[in-house]
Structure formats: structure tokens, C-alpha cells
Amino acid sequence: MLERFRLFQRALLKNLNTTYKRYFYEELKKDEKLLAIMGARGVGKTTTLLQYLKESKIPINEKLYISADWIDAENLFEIAETFYKENGKLLIIDEIHKYPNFEKGLKKIYDILDLKVIVSGSSALSINHAKADLSRRMLIKEVKGMSFREFLEFKYELQIKKISLNELLQNHINIAYEILEKINKPSIIPDFKEYLEIGYYPFYFQNEDKVSYLLKLKETINVVLEVDIPAISNIKFTTIRKFKKLIEYVCISHPFKPNMQELLIKMDMPKTAYAEAYEYLELLQKAKIIRLIKSANKKDAILTKPEKIYLNNTNLHFCYCETQEIGTLREVFFASMLEDYEIYAPSKGDFVVNEYTFEIGGKNKTKKQIKNLEYAYIVVGDIEIGSGNKIPLWLFGFLY
């Protein structure tokens with residue numbers, strides 16, 4: 001049963017030539033019996049899993065990588081059981097969401113076999129819709145696309161430490177000097193502009209051609225819209241067209257501050273279909289295509305209209321939007337780098353994170369909109385070193 005899988009595994013490991021490790025590589029080393037790595041398509045999950053498999057000190061005959069779409073008539077538990085009986089120790093199952101009723105198989109593997117199992121999926125969509133109770137058995141790690149820090153590390157073969165938000169706010173001048181010294185370039189701004197266009201998904205470094213990269217990115221998102229979302233939701237093909245119309249609408253808005261009646265018209269939906277529209281927005285957010293920002297005054301409300309709707313990251317703007325508005329790109333970058341934080345739209349300023357208020361803009365941005373606010377900062381897109389409460393935008397790309 002396992003011979004075919006081992007041949008596929010050998011071919012993949014032989015062709016593995018990426019040495020750079022994403023920020024979540026260390027998570028795979030944790031002593032967890034069942035670990036799920038969930039994230040958008042194209043963020044490097046498969047490469048990272050193969051790197052871990054290859055570098056693990058476990059003997060090659062005691063570790064196995066399979067992709068769920070390799071499984072034909074075989075049963076997931078029977079594969080794991082056969083591997084376990086051959087003294088298997090580490091089983092990696094990629095694209096787990098492609099295996100029907102995967103949650104039942106994983107539950108049985110966890111309960112019966114003494115195996116370390118790592119699975120991956122294209123987003124939290126599949127896990128969130130799993131019927132069996134995996135929550136107490138599985139540690140779920142959601143992963144993001146490349147940060148600006150990782151992009152620079154990959155591009156220049158450097159090692160740059162990540163920083164916490166508190167460190168950044170308290171010591172941004174010294175941190176900026178240290179990073180600029182390490183990069184050792186006349187200016188970091190050209191690299192930052194490049195990142196905004198092509199730096200979020202690591203497969204750019206396999207293409208090294210912007211046109212090819214953006215075409216592949218559009219194909220990747222189309223698979224999410226046309227395959228991944230329908231696989232876990234009872235939506236029709238016409239709904240997929242509505243999703244694409246929403247993306248187009250977000251593109252031409254700077255940023256998109258939704259009027260639900262207007263949104264329903266743009267998506268060709270009935271004027272009373274509010275609940276359905278909210279469900280679609282949540283699906284697209286879980287699929288890492290859009291980002292919903294709620295009002296700070298309504299953050300605990302259920303089924304409330306988002307204050308702003310962004311595309312998930314700046315690369316999607318260059319992929320889908322005919323023109324790019326620099327103010328929107330700055331806000332999208334900021335929001336994407338703080339994806340792990342609860343972020344809201346305040347009445348004054350652009351974003352509030354914890355107790356901090358942030359106003360995003362260019363080098364001429366003043367304190368007018370955050371005047372008299374405590375713990376307020378101006379985040380500037382086209383400066384390299386800040387002063388006081390004025391912080392360079394690019395520095396927020398070092399939070400992970």
C-alpha cells in the first residue's frame with residue numbers, strides 16, 4: 001500500500017531546493033500528537049512540511065509524507081495503521097481538506113495509533129466545518145503569507161529577528177537603524193515597494209517574473225473560489241460570480257466602506273438578503289481573500305456591517321485591480337501585518353489595536369485626525385526613519 005506514496009515522497013524530496021524556512025517552521029517541532037497547519041494557498045505550507053520531513057532526525061523509513069489527493073480507494077486510517085505497523089513515527093498529510101470526512105479518520109488515528117501526525121489545509125474553512133470534535137485533539141496553527149521581514153531574508157539571504165508591537169512602538173528609531181544597517185542598501189523603500197507588489201506569496205521566488213507571478217496568483221485564488229469554498233459550502237456557480245464581482249468592487253473603492261444595499265445590488269442579490277451577504281463576506285475572509293474591519297464601537301455585535309472591507313494583502317491588489325491607490329495599499333499592508341491582532345476602525349484615526357490608535361498616510365500626514373488622543377501614532381509610508389510618534393510603515397512588516 002505504501003510503496004506508491006514512498007515513490008512520490010522521494011521525488012518531491014529530490015526536487016526540494018528551497019533552503020529558506022518560513023516563520024512557522026519551528027512550530028512543526030512542537031511535541032504535539034496532532035498538529036494542523038492552516039493557511040491560504042501559496043503561502044509555502046507544502047515546502048515547509050517537506051523541509052521538516054527531510055531534516056527530521058527520524059529515519060526515512062519511519063516518516064511518511066502523503067498528499068490527500070494521492071489517496072484513491074485507500075482508507076485514511078488504514079494507510080496510517082499500515083505505516084504504524086511498519087514502525088512509523090511521523091505521518092504528514094498535506095491538503096487534508098481534499099479527503100472526504102477527514103475529521104473521522106484523524107480522530108480514529110489520534111485515538112488508536114501512537115503516531116505524530118501533521119496535517120495541512122488551504123484555510124481554516126475545512127477545519128471550521130469539520131463535524132467531529134477535533135478541537136481537544138488537534139492544535140491548529142494558522143499561518144500567513146510572507147512578512148516584509150521574511151521577504152528581505154529570502155531575497156538577501158539574511159537573518160533578521162522579528163519584533164513585538166510594543167518593542168516597535170517604544171523603540172522604533174533604534175530598530176529602524178539596526179535593520180537599515182543590516183540590509184546595507186542606499187534605501188529600503190524600493191524593496192518595500194517591490195514587496196507590496198509581489199512579496200506576500202513565496203512562490204514569486206520560483207518565477208522571478210512579475211507577470212508570471214501575478215498570473216499564477218490569480219489562478220491560485222480562482223481555485224479557492226471555484227474549488228475550496230464550494231467544497232465546504234452549498235453554494236452555486238452563480239455565487240462564485242458574485243464573489244468575483246465583490247473583489248472587483250473592493251478594487252475600485254479606496255477603501256471599501258460598505259453600504260449593504262449598494263453591496264447587494266453589486267452582487268446581484270435580493271435587497272433583503274443581508275444574512276446571506278454577511279455569510280459570503282465571512283467565507284471570503286476565512287479563505288484569506290478579503291479582510292473585514294469592524295467598527296470599534298460595534299466589535300462585539302453579531303451580523304454587523306463591517307466598517308471597511310480590504311483585500312487580504314497588497315499583492316491581491318496588483319493581481320486584481322487595474323489601478324492601485326497608494327493610500328489603500330498602505331492600509332492593506334498595515335492590516336495584513338497585524339492579522340494576529342484584533343484590529344478595528346475607530347471614530348478617529350484609521351485603526352485601533354489594543355489601546356493604540358494608528359493613522360496611516362504619507363510623509364506630509366499631520367496629527368490632526370488623532371489630536372488629543374492618548375497612545376496615538378502616525379504610520380508613514382515613504383520614510384525610512386521616524387521620530388516621536390511618527391513611525392515608518394515598513395517597520396510593521398517585522399512583526400512576524
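- Side chains of Glu86 and Tyr84: a donor-acceptor N/O pair is absent below 3.5 angstrom, by distance only.
- Tyr195 places none of its side-chain heavy atoms less than 4.5 Å from the side chain of Lys193.
- Remark: Lys155 is not positioned above the aromatic ring of Phe205, lacking an NZ or CZ atom under 6.0 angstrom from the ring centre and at most 45 degrees off the axis.
- Annotation: side chain of Arg22 is in contact with side chain of Val43 (closest heavy-atom distance under 4.5 Å).
- Using a 3.5 Å distance cut-off with no hydrogens or angles, the side chains of Tyr99 and Asp69 do not pair a donor with an acceptor.
- Every residue meeting the side chain to side chain contact (heavy atoms under 4.5 Å, CB included) condition with Asn259, not counting sequence neighbours, appears here in chain and number order: Gln261, Glu262.
- Between the side chains of Glu384 and Ser187, at least one donor N or O sits under 3.5 Å from an acceptor N or O.
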### Task
Take Arg4 and Glu74 through the side chain to side chain contact (heavy atoms under 4.5 Å, CB included) test and state the conclusion after the steps.
CA-CA 12 Å; Arg4 179 167 60 93; Glu74 301 97 338; 2.5 Å; yes
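- The side chain to side chain contact (heavy atoms under 4.5 Å, CB included) test with Tyr400 singles out one residue from Met337, Met146, Arg149, Glu339, and that residue is Met337.
- Between Phe351 and Tyr310, the ring-plane angle classifies as tilted under the 30° and 60° cut-offs.
- With a 6.0 Å cutoff to the six-membered ring centre and a 45° limit on the axis angle, Lys108 counts as a cation-pi contact of Phe77.
- Counted by atom type alone, Tyr65 and Asp94 present one or more donor-acceptor pairs between their side chains at under 3.5 Å.
- Just one residue in the list Leu373, Asn372, Ile378 forms a side chain to side chain contact (heavy atoms under 4.5 Å, CB included) with Lys367, and that residue is Ile378.
- Taking a cutoff of 4.0 Å between a charged side-chain nitrogen and a carboxylate oxygen, Lys216 and Glu219 do not qualify as a salt bridge.
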